2 protein chains.
Amino acid sequence: MTGAVLERKSGVALWRQIADLIRSDIATGVAGQDGRLPPEMELAKRYSVNRHTVRSAIAALEQEGVLRSEQGRGTFVRRRKRLSYPIAKRTRFSAGLGNQAGSTLTRLLESMEESASQTVADNLGVPAGDPVIRLDTVSEADGLPVSRATSWFDASRFAGIDEAFGEHASITKALSACGVTDYVRKSTTIEARHASADDIRLLRLSAGAIVLVTRAVNTDSDGNPIQYAESRFAADRVELKIESD
Amino acid sequence: MTGAVLERKSGVALWRQIADLIRSDIATGVAGQDGRLPPEMELAKRYSVNRHTVRSAIAALEQEGVLRSEQGRGTFVRRRKRLSYPIAKRTRFSAGLGNQAGSTLTRLLESMEESASQTVADNLGVPAGDPVIRLDTVSEADGLPVSRATSWFDASRFAGIDEAFGEHASITKALSACGVTDYVRKSTTIEARHASADDIRLLRLSAGAIVLVTRAVNTDSDGNPIQYAESRFAADRVELKIESD
DNA sequence: TTCGATTTGTACGTATGTATA
DNA sequence: ATATACATACGTACAAATCGA
């Protein structure tokens, strides 16, 4: 909001830093509350840069679908607030976002059987190298990608879960079809990093964007691990909310 | 690890993107397991860039204290794994990191009485504009800054908590001095964004770095809010871990 | 010890991107 | 749109340090 000092010679172009600031301010409600951005000249003065530099930032955000400029009228905000994704014992994607978005959808990108890496094996409680089924999915809310996830299941217990997912387009329902009527989240770790090329493509982000990475283990009602998942959330579109029971 | 495609003309310099990749790979243990980085020529081939571009990335990470290059020998890793910061009902900084770091320390940057903003008021359950006490702190583990936090307390109930903190250098102990012997975390939201100029300075980060932002409310044993805190964690040095009870 | 292979350090030239005026 | 300055990226060449044969 107030004249933040931008970093020159940092490897990040000024227009990109300004674009990141504006995007973040819109997401947090600091800017664009009235649906419009201040005039370019005002922004240029605020950031102490040339008006053309502000224009580059705005052009990038137009490309991203965040802003819309109209000659002679001004620059307007297309989208506003972040979604709030709840993380609790009973975390399910569509149920958690249901009241915030009009429509939610989880799409299957790829499914395959592979042998468990050390990490996957540890989290699923099987020996490393055992066959596991991997599901790669992308979840959208109101047509905009929110997260992508890679899930692993013990192949011996969940044979056919890939087809079940293809049928129901829901992890919860696919597990149900495999005889798991209830499951709870045991633990979640959260880290943040820059989006990879895959993240940028699949979540429709721009370079330099940030993803929140969660790693979670779900267990059945007996406490046995049934799913290990690594998810990547578009940090500009979602926040994570942890509710203590 | 494998040849990720970097984004050109994205406003983020290639050397910066490569530096971010290498830093992240080191933090997750993908790279530098043996304490050394592959030769510059090999990295250049992997990322499909000129050797000089890799050298710029390495230079930035040397400046940050992540790497150390020696002529004729190679490039070596100074630090390795991320700290894991637990978030649970009873979250306390030093206790949570105690077993991972040799020493932990929380320093007071500033304390002052101010009138509550709408957000602070909502979270503390007081009317907006009421006097509140704000504490700005930085926490370090093994001499490296891990997080900075801004905490607000109801001034009418916690008068003198700033002096109490100055004496004990611990929020938990300062609360205890104010008669709160136990408290639990009610809720936490997590988001991620690029570090601000202040974050970069106080957490000793480099431009383009990422911070994990948490907003949390702590309540006393009767369920009354006693503290609202906004924390910023250096995403390269820490992950957040949520344990379900 | 000398030699060659490997690896990092330095220097020059050129083209393109970024930022200002 | 033009001009100017600096940052970024590539290509090439060679120097300096290390290591093992």
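So that the names make sense, note that chain A is the first sequence line, chain B the second, and so on, each numbered from 1. Bear in mind the structure is a predicted one, so any value in this text is a computation, not a measurement.
Side-chain nitrogen and oxygen atoms of N50(B) include at least one within less than 4.0 Å of the OP1 or OP2 phosphate oxygen of dG11(D). The shortest distance between the side-chain N/O atoms of R73(B) and the OP1/OP2 oxygens of dC19(D) is below 4.0 Å. Under 4.0 angstrom from either OP1 or OP2 of dG9(C) there lies at least one side-chain N or O belonging to R55(B). Residue T53(B) has a polar side-chain atom (N or O) positioned under 4.0 Å from OP1 or OP2 of dC10(D).
We find that CH2 of W15(A) is positioned 14 Å from P of dT8(D), with the value rounded to whole Å. Distance E62(B) CD to dT7(C) P: 17 Å, rounded to the nearest Å. Note: CG (L14(A)) to P (dT8(D)) measures 11 Å, nearest angstrom. Per the geometry, CD belonging to Q71(B) stands 7 Å off P belonging to dT10(C), to the nearest Å. Distance CZ (R16(B)) to P (dT8(D)): 10 Å, rounded to an integer number of Å. dT12(D) atom P lies 10 Å from atom CE of M41(B), rounded to whole Å. In this structure, CD of E70(B) is placed 19 Å from P of dA16(D), rounded to the nearest angstrom. Distance E40(B) CD to dG11(D) C1': 16 Å, rounded to the nearest Å.
Taking every heavy atom of both residues into account, S69(B) and I58(B) meet most closely at OG-CG2, 3.5 Å. Residues F153(B) and L124(B) approach most closely at C-CD1, 3.9 Å, considering heavy atoms.
Residue T75(B) is in sugar-phosphate contact alone, with no base atom involved, counting any heavy-atom pair closer than 4.0 Å across all strands shown.
Mapping I58(B) and H52(A) onto DNA chain C by nearest heavy atom places I58(B) closer to the 5' end of the strand.
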For the pair R148(A) and D199(A), evaluate salt bridge (Lys or Arg N to Asp or Glu O under 4.0 Å) and give the outcome as yes or no after the intermediate values. CA-CA 8 Å; R148(A) 56 184 290 238; D199(A) 296 332; 2.6 Å; yes
Test side chain to side chain contact (heavy atoms under 4.5 Å, CB included) on L212(A) and L212(B) and set out the steps. CA-CA 9 Å; L212(A) 281 160; L212(B) 280 159; 3.4 Å; yes
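Environment of CZ in R55(A): sparse, with no more than 12 heavy atoms of neighbouring residues, nucleotides or ligands closer than 6.0 Å.
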